[in-house]
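Below is one structure, written out as structure tokens; the observations come after it.
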Amino acid sequence: MGVLAVKLLLAPSFVVGASLATRRFGARIGGLIGGLPVVAGPILLVYALTHGPAFAAGAAAGTLLGLISLIAFVVVYARLAGRLSWTASMLAGWSAFAAATAAFSKVTLPAGAALALAGAAIIAGLAALPRRPRSLRVHAPPPAWDLPLRAGCALALVLTLTAVAGWLGPQLSGLLAPFPIIATVLAVFTHAQRGPEELVRLLRGLVSGFGAFALFFFTLAVSLPALDTMAAFSLASAVALLAQGLLIAASRRDGTERATRLVAEPAAGES
């Protein structure tokens with residue numbers, strides 16, 4: 001029952017939470033929250049509960065390399081979104097993720113080296129993304145079915161990934177754990193409903209938040225061999241939340257984010 005609850009509740013709930021944060025505080029803050037390991041973290045917890053902590057520790061190290069693939073998805077999607085539909089942008093982003101995953105599938109690195117590569121990829125990804133637009137628009141409130149559909153999309157992807165993990169082994173399972181579930185859901189709905197300008201704000205926030213994502217999985221990789229499963233996940237969660245909380249606090253002091261939040265508040269009040 002515990003494993004089933006993780007699959008059915010955690011990831012969809014986090015997707016809904018990040019979506020609500022986007023409406024209330026603006027796309028950048030929503031992206032920062034989405035950058036937390038809100039989907040890959042529960043997937044690794046399922047790995048640990050079903051395949052053991054050693055499997056999950058190996059997968060956590062692989063997930064640090066998988067983060068590079070996730071950044072490739074974000075950059076490709078963002079670069080194409082201004083001139084292509086959300087469908088074409090999504091498929092191109094998924095293709096970039098698949099190509100990067102294939103390239104890393106034969107690579108095994110210590111957790112420290114993988115963390116360093118992930119950090120470099122975050123810096124490169126921010127440089128490659130389009131600049132954050134200065135113009136702001138008021139958007140109509142989303143339809144009533146919006147949040148249930150987002151949660152359902154996240155659930156379907158989580159169930160698929162966790163179902164095949166046992167066949168793939170820890171390295172490939174770890175590489176696939178950062179599959180852009182929440183990134184796809186947030187990006188597609190933002191692109192379709194609010195346009196490419198708001199999408200860029202969201203994705204820049206998402207990549208900025210990936211530092212906490214990387215710290216979470218590095219902490220898991222080094223602590224799972226020494227601690228029990230729940231202690232290791234609690235420690236990793238505390239590290240990630242502290243890092244992301246500091247980043248969100250700094251971002252909310254930014255003048256651009258305050259302006260975005262003022263525009264977003266009426267839409268949130270109408271929803």
Side-chain angles (χ1 to χ4, degrees), residues 15 17-36 38-39 67-97 100 118 120-142 146 150 153 178-213 244 247-248 250-268:
V15 167
S19 300
L20 291 174
T22 299
R23 296 181 191 179
R24 177 65 178 85
F25 299 110
R28 178 169 171 78
I29 294 294
L32 285 169
I33 294 173
L36 287 165
V38 295
V39 173
L67 177 58
I68 302 173
S69 304
L70 176 54
I71 293 170
F73 164 85
V74 171
V75 170
V76 170
Y77 194 118
R79 301 297 301 185
L80 296 178
R83 56 183 185 274
L84 297 180
S85 68
W86 67 262
T87 306
S89 301
M90 178 187 71
L91 293 176
W94 281 0
S95 297
F97 180 90
I122 292 170
I123 296 172
L126 285 171
L129 284 170
R131 292 184 178 180
R132 192 192 320 175
R134 296 182 178 178
S135 61
L136 299 171
R137 298 181 183 180
V138 177
H139 300 279
D146 178 74
R150 294 185 187 210
C153 292
F179 183 87
I181 295 175
I182 191 169
T184 296
V185 173
L186 292 178
V188 165
F189 279 82
T190 301
H191 190 186
Q193 295 174 356
R194 294 173 173 256
E197 295 87 1
E198 195 77 355
L199 172 72
V200 169
R201 291 190 183 92
L202 174 84
L203 295 182
R204 290 194 70 88
L206 196 68
V207 175
S208 297
F210 283 159
F213 186 106
Q244 206 73 324
L247 188 58
I248 289 173
S251 180
R252 292 190 66 181
R253 289 194 295 268
D254 180 79
T256 303
E257 182 54 38
R258 287 199 300 268
T260 303
R261 192 163 64 251
L262 289 174
V263 173
E265 283 175 356

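Given the structure is predicted, the values throughout are model-derived calculations rather than measurements.
- Of all the heavy atoms in A121 and I68, the pair that sits closest is CB-CG1, 3.8 Å.
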Item to complete: Could you walk me through whether V76 and W94 pass the side-chain contact (heavy atoms from CB on, under 4.5 Å) test, one step at a time?
Response: CA-CA 9 Å; V76 170; W94 281 0; over 6 Å; no

Discussion item. For V200 and L129: C-alpha separation, side-chain torsions, deciding distance, then whether side-chain contact (heavy atoms from CB on, under 4.5 Å) applies.
Written reply: CA-CA 8 Å; V200 169; L129 284 170; 5.9 Å; no

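- Between atom CZ of residue R194 and atom CZ of residue R201 there is a gap of 10.5 Å, rounded to the nearest 0.5 Å.
- Between F213 and L36, every side-chain heavy-atom pair lies at or beyond the 4.5 Å cut-off.
- Listed here is the closest heavy atom pair of S208 and L126: OG-CD2, 3.6 Å.
- Here the OG1 atom belonging to T190 is positioned 8.0 Å from the CG atom belonging to L203, to the nearest 0.5 angstrom.
- In this structure, Y77 and H191 have perpendicular ring planes: the angle between them is above 60°, well past the 30° mark.
- Scanning both residues, L70 and A183, for their nearest heavy atoms gives CD1-CB, 4.1 Å.
- Rounding to the nearest 0.5 Å gives a distance of 5.0 Å between CG of L84 and OG of S89.
- The closest donor-acceptor contact from the side chain of R79 to the backbone of A128 lies under 3.5 Å.
- The two residues L199 and A81 come nearest to each other via the heavy atoms CD2-CB, 3.2 Å.
- When all heavy atoms are compared, the tightest approach of V188 to W86 is CG1-CE3, 3.4 Å.
- Counting all heavy atoms, side chain and backbone alike, V74 lies closest to V207 at CG1-CG2, 3.6 Å.
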